[in-house]
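Okay, so here's the structure we're looking at.
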Amino acid sequence: MIAGLDGLRFSHWQVELRPDGVLVLSFDREGESVNTFAQDVLLELDGLLERLALEPPRGLVLRSAKQKGFIAGADIREFAEFDRRGTIGDSIRRGQQVFQRLAELPCPTVSAIHGFCMGGGTEISLACDYRIASNDPSTRIGLPEVKLGIYPGWGGSVRLPRLVGAPAAMDVMLTGRTLSASSARAMGLVDKVVEPALLLDEAVKLALEGRQRPFKQRFLGWITNTWPVRQVLAPVLVKQVARKARKEHYPAPYALIETWRRSGGGIQSRLSAERRSVVKLAGTPTARNLTRVFFLQERLKGLGGKEPHGIAHVHVVGAGVMGGDIAAWSAYKGFRVTLQDREQKYIDGALARAQDLFAKKVRDEAKRPEVAARLKSDLAGDGVREADLVIEAIIEQAEAKRELYATVEPRLKTDALLTTNTSSIPLEELTGDLARPAQFAGLHYFNPVALMPLVEIVRHDAMAATTEQRLAAFCKALDKLPVPVAGTPGFLVNRLLFPYMLEAALAYSEGIPGPVIDRAAVKYGMPMGPIELIDTVGLDVAYGVGQELAPFLGLSIPPALATPPEQGKRGKKDGQGLYAWEDGKPKKPEVAKDYKAPDDLEDRLILPLLNEAVAALHDGVVEDADLLDAGVIFGTGYAPFRGGPIQTIRETGADVLLGRLMALQAKYGDRFAPRPGWDNPALRQPD
């Protein structure tokens with residue numbers, strides 16, 4: 001036995017000393033389905049490692065005892081609580097100390113990774129001498145802390161650059177992307193990749209025999225972290241980051257680069273610099289809002305509950321851009337899909353686009369035919385009889401949709417669901433003649449389907465609760481985030497986007513250059529400018545939504561959207577709209593260098609969106625402010641670092657924004673009149 005540890009069962013760790021002298025340490029966090037690092041977990045590990053340091057085994061293998069994954073990282077719930085208490089620094093120091101104690105053990109240490117290995121899971125693996133991973137597709141390794149407004153703070157930012165070289169390490173940490181086992185092996189992050197059944201035995205073998213890393217990797221780990229190279233490489237990295245994120249919006253990538261650039265000396269000196277920097281970042285509004293967004297995302301993921309959705313066969317009617325892409329994504333995610341349209345040429349076009357999606361998403365060429373076979377052409381609509389879910393994605397005309405339902409509904413199975421992908425039509429206009437309205441709902445996707453994570457589940461008074469539950473569970477199976485919304489015009493996302501896009505179109509018609517309008521929105525934090533967005537959505541779609549929403553919101557439509565677009569000038573899909581498009585990118589005209597944008601342009605664009613967010617919350621379009629913020633962030637890309645429209649109002653101050661809104665009203669007219677709901681207590685910061 002080693003210091004009395006063999007066979008003991010701790011709260012979160014299992015210890016097994018093998019006959020060959022290797023100790024297997026299995027992480028099994030008590031009371032949780034997934035391994036995450038909380039402070040009690042770290043304290044227990046610290047005491048265990050302290051005893052091992054006194055009487056070390058021949059080797060140590062760290063593994064997970066969970067069926068699901070290796071280690072998901074730190075417990076974000078606890079992290080947020082420490083932020084509220086002001087004790088983030090203590091928690092980061094403890095994690096650093098425990099992982100450093102592991103790194104200093106006088107015996108070989110190996111991390112055996114199977115399944116997801118994120119954040120703190122990767123950092124503790126980096127503290128080991130070696131890493132071995134299973135080749136299972138579920139094995140993904142990453143350091144995604146930048147997505148929470150910080151960067152690896154338990155030694156990861158110190159150890160990874162010296163293991164794989166600074167350029168590769170910075171790419172992983174600055175993007176937050178995850179790596180497959182083979183990619184991690186190619187980078188040098190993982191020493192060996194094996195079949196899952198061999199993982200433990202090969203990890204033990206690695207602990208006993210060791211492994212020499214290639215000279216090139218060792219050289220890169222040294223040379224790219226020398227003082228002169230850090231001074232040269234850091235500005236290059238800053239320029240790369242600046243192309244994607246503004247420093248005032250997302251300070252973490254810049255802080256990571258700067259801390260690495262100036263920090264030298266021994267391991268404790270570098271860990272201290274890492275800790276000070278991450279603690280400072282953790283207290284920024286960006287980090288707090290991104291942490292809030294994480295919890296919003298987790299809430300949406302849980303909306304489907306644990307009941308099965310009972311959907312195996314999806315039938316999509318309408319093979320246009322939206323319908324075709326919905327069908328392709330459903331097939332990619334494992335559903336049997338039949339795709340119907342009035343002419344075969346439209347279905348053929350959708351199937352061709354689907355092949356492009358499968359080529360990008362299914363990296364194993366041998367598996368692509370199996371995925372493609374799940375999506376079938378169905379000109380006659382025979383798939384309706386076998387479908388568990390029908391998704392209608394035809395033109396935005398209520399009468400056309402009702403006519404379709406009259407032919408489809410009688411052929412449905414008794415428990416099948418009928419849904420519409422309408423983007424703005426109130427569901428009450430569509431349910432009147434349905435025999436089974438309880439099984440009808442809106443299922444509103446966003447373009448492009450493969451990239452946009454949100455799906456609005458649109459309610460109406462006659463809809464059954466089980467219909468919503470099944471659709472939410474279906475969305476989860478698609479890796480989409482569902483938000484239940486009322487079936488009023490525009491639902492949530494389009495209702496808020498419409499005044500924003502309308503004001504942009506009006507500013508454009510007044511002669512403010514499109515690139516200037518777009519820059520103002522991007523500077524605020526939007527993922528793309530509204531003029532580019534109108535072209536991306538399509539001028540035809542924007543016109544249709546305008547006809548539905550403008551009367552409802554009491555707004556006038558500016559010239560750019562007042563009439564249907566000319567043939568071939570619908571925007572990105574035609575190569576010509578408000579901008580000309582080439583290879584999927586807008587060709588924005590040059591703006592005179594001496595042109596000065598109006599001082600109130602940002603307010604003109606953003607305040608209508610915030611104003612409508614207040615009204616939508618007041619009208620009960622969603623159940624609460626958190627769901628509103630989640631829907632707008634994941635449905636539009638609204639500046640995540642701001643935490644959503646309602647969170648923006650709270651942080652800026654409702655009274656401050658109300659004053660600015662009334663100033664615009666006085667200058668430009670009643671389209672800026674404050675909407676009902678500005679007295680809502682939800683708009684005030686909690687004490």
(request) Start with the C-alpha distance between Leu578 and Ile534, add both sets of side-chain angles, then the distance that settles side chain to side chain contact (heavy atoms under 4.5 Å, CB included), and finish with yes or no. (result) CA-CA 8 Å; Leu578 300 179; Ile534 290 170; 4.0 Å; yes
(request) Please name all residues satisfying ring-ring contact (aromatic ring centres under 6.0 Å, His included) with Tyr250, sequence neighbours left out, ordered by chain then number. (result) Phe641
(request) State whether Arg402 and Glu429 are salt-bridged, where the test is any N-O pair (Lys NZ or Arg NE/NH1/NH2 against Asp/Glu carboxylate O) under 4.0 Å. (result) no
(request) Look at the side chain of Arg131 and the backbone N and O of Arg185, then say whether any donor-acceptor pair between them is shorter than 3.5 Å. (result) no
(request) Give a yes or no on whether the ring-centroid distance for Tyr524 and His249 is below 6.0 angstrom. (result) no
(message) Quick check against the 3.5 Å criterion: does Thr139 have a side-chain atom that pairs as donor or acceptor with the backbone of Gly115?
(response) yes
(request) Please confirm whether the backbone N or O of Glu307 pairs with a side-chain atom of Gln469, one donor and one acceptor, at under 3.5 Å? (result) yes
(message) For the backbone of Gly142 and the side chain of Thr178, can you confirm whether one donor and one acceptor N or O come within less than 3.5 Å of each other?
(response) no
(request) Supply the atom-to-atom distance Glu409 CD to Gln439 CD, rounded to the nearest 0.5 angstrom. (result) 8.5 Å
(request) Would you tell me whether Tyr579 and Glu532 have side-chain atoms, one donor and one acceptor, within less than 3.5 Å of each other? (result) no
(message) Do Asn135 and Pro196 have side chains that approach each other closer than 4.5 Å (heavy atoms only, starting at C-beta)?
(response) yes
(message) With a sphere of 6.0 Å drawn around NZ of Lys333, does it hold more than 12 non-hydrogen atoms of other residues, nucleotides or ligands?
(response) yes
(request) Take Val34 and Phe116 through the test side chain to side chain contact (heavy atoms under 4.5 Å, CB included) and record every step on the way to the result. (result) CA-CA 10 Å; Val34 172; Phe116 51 76; 3.7 Å; yes
(message) Does atom CD (Glu399) have a neighbourhood of more than 12 heavy atoms from anything else shown, all under 6.0 Å?
(response) yes
(message) So for atom CD, which belongs to Glu343, do other residues, nucleotides or ligands contribute more than 12 heavy atoms lying within a distance under 6.0 Å?
(response) yes
(request) Locate the shortest heavy-atom distance separating Pro515 from Lys588; write the atom from each residue and the value. (result) CG-CB, 3.9 Å
(message) Evaluate His114 against Phe70 for side chain to side chain contact (heavy atoms under 4.5 Å, CB included), listing each step before the verdict.
(response) CA-CA 6 Å; His114 173 69; Phe70 180 63; 5.8 Å; no
(request) State plainly whether the residues Glu623 and Arg459 are in salt-bridge range, i.e. N to O under 4.0 Å. (result) yes
(message) Can you tell me how far apart OG1 (Thr420) and CG (Leu427) are? Round to the nearest 0.5 Å.
(response) 7.0 Å
(message) Please determine whether a side-chain nitrogen of the Lys or Arg among Arg470 and Asp388 lies less than 4.0 Å from a carboxylate oxygen of the Asp or Glu.
(response) no
(request) In plain terms, say whether Asp619 and Arg495 are close enough for a salt bridge, that is, a side-chain N and a carboxylate O under 4.0 Å apart. (result) yes
(request) Determine yes or no for a side-chain-to-main-chain donor-acceptor pair under 3.5 angstrom, with Lys572 supplying the side chain and Glu582 the backbone. (result) no
(message) Please find the pair of heavy atoms, one from Val293 and one from Pro640, that lie closest to each other, and give the distance.
(response) CG2-O, 3.8 Å
(request) Quick one: pull up CD1 in Ile347 and CG in Asp378 and give me the separation to the nearest 0.5 Å. (result) 7.0 Å
(message) So that I can tick it off, tell me whether Glu396 and Lys401 are bridged by a salt bridge, with the cut-off set at under 4.0 angstrom between side-chain N and carboxylate O.
(response) yes
(message) What's the separation between atom CG in Asn494 and atom CD in Glu612, rounded to the nearest 0.5 Å?
(response) 12.0 Å
(request) Mark yes or no for whether Arg368, through its side chain, and Ala359, through its backbone, hold a donor-acceptor pair below 3.5 Å. (result) yes
(message) Any non-hydrogen side-chain atom of Tyr638 less than 4.5 Å from a side-chain atom of Pro527?
(response) no
(message) Treating Thr467 as the side-chain partner and Met463 as the backbone partner, does any N or O pair qualify as donor plus acceptor under 3.5 Å?
(response) no
(message) Pair Ser134, Glu195 - check side chain to side chain donor-acceptor pair (under 3.5 Å), show working.
(response) CA-CA 5 Å; Ser134 81; Glu195 295 288 335; over 6 Å; no
(message) Any carboxylate oxygen within less than 4.0 angstrom of a Lys/Arg side-chain nitrogen, looking at Arg177 and Asp171?
(response) yes
(message) Given 3.5 Å as the limit, does a donor-acceptor pair link the side chain of Ser180 with the main chain of Ser183, or not?
(response) yes
(request) Please name the pair of heavy atoms, one in Leu143 and one in Met173, separated by the smallest distance, quoted to 0.1 Å. (result) CD1-CG, 3.8 Å
(message) To check you understand the geometry: which heavy-atom pair defines the closest contact between Gly644 and Asp629, and what is its length?
(response) C-OD1, 3.3 Å
(request) Establish, yes or no, whether a centroid distance under 6.0 Å links the rings of Phe446 and Phe634. (result) no
(request) Output yes when Arg292 and Asp626 qualify as a salt bridge under the 4.0 Å nitrogen-oxygen rule, no when they do not. (result) yes
(request) Look at Asp540 together with Lys569 and state whether they make a salt bridge at an N to O cut-off of under 4.0 Å. (result) no
Table please: side-chain donor-acceptor pairs of residues 310-332 below 3.5 Å, with sequence neighbours left out.
| unit_1 | atom_1 | unit_2 | atom_2 | d |
| --- | --- | --- | --- | --- |
| His313 | NE2 | Thr338 | OG1 | 2.9 |
| His315 | ND1 | Thr338 | OG1 | 2.7 |
| His315 | NE2 | Gln340 | OE1 | 2.7 |
| Asp325 | OD1 | Arg353 | NE | 3.3 |
| Trp329 | NE1 | Leu478 | O | 2.9 |
| Ser330 | OG | Ile326 | O | 2.8 |

(request) Identify the heavy atoms of Ile457 and Pro482 that sit nearest to each other, and give their distance. (result) CD1-CB, 3.7 Å
(request) Give a yes or no on whether the backbone of Gly538 and the side-chain of Arg570 come within a donor-acceptor separation of less than 3.5 Å. (result) no
(request) Look only at the side chain of Lys413 and the backbone of Leu389, and say whether a donor-acceptor pair between them is shorter than 3.5 Å. (result) no
(request) Quick one: list whatever passes side-chain hydrogen bond (donor to acceptor under 3.5 Å, both in side chains) with Tyr543, sequence neighbours left out. (result) none
(request) Any chance you could measure Thr122, atom OG1, to Ile113, atom CD1, to the nearest 0.5 Å? (result) 6.5 Å
(request) Drop me the distance from Thr422's OG1 to Ile395's CD1, to the nearest 0.5 angstrom. (result) 11.0 Å
(request) Of all the heavy-atom pairs spanning Leu454 and Gly631, show the shortest one and how long it is. (result) CD2-O, 3.3 Å
(message) Does Asp461 have more than 12 heavy atoms from other residues, nucleotides or ligands lying within 6.0 Å of its CG?
(response) no
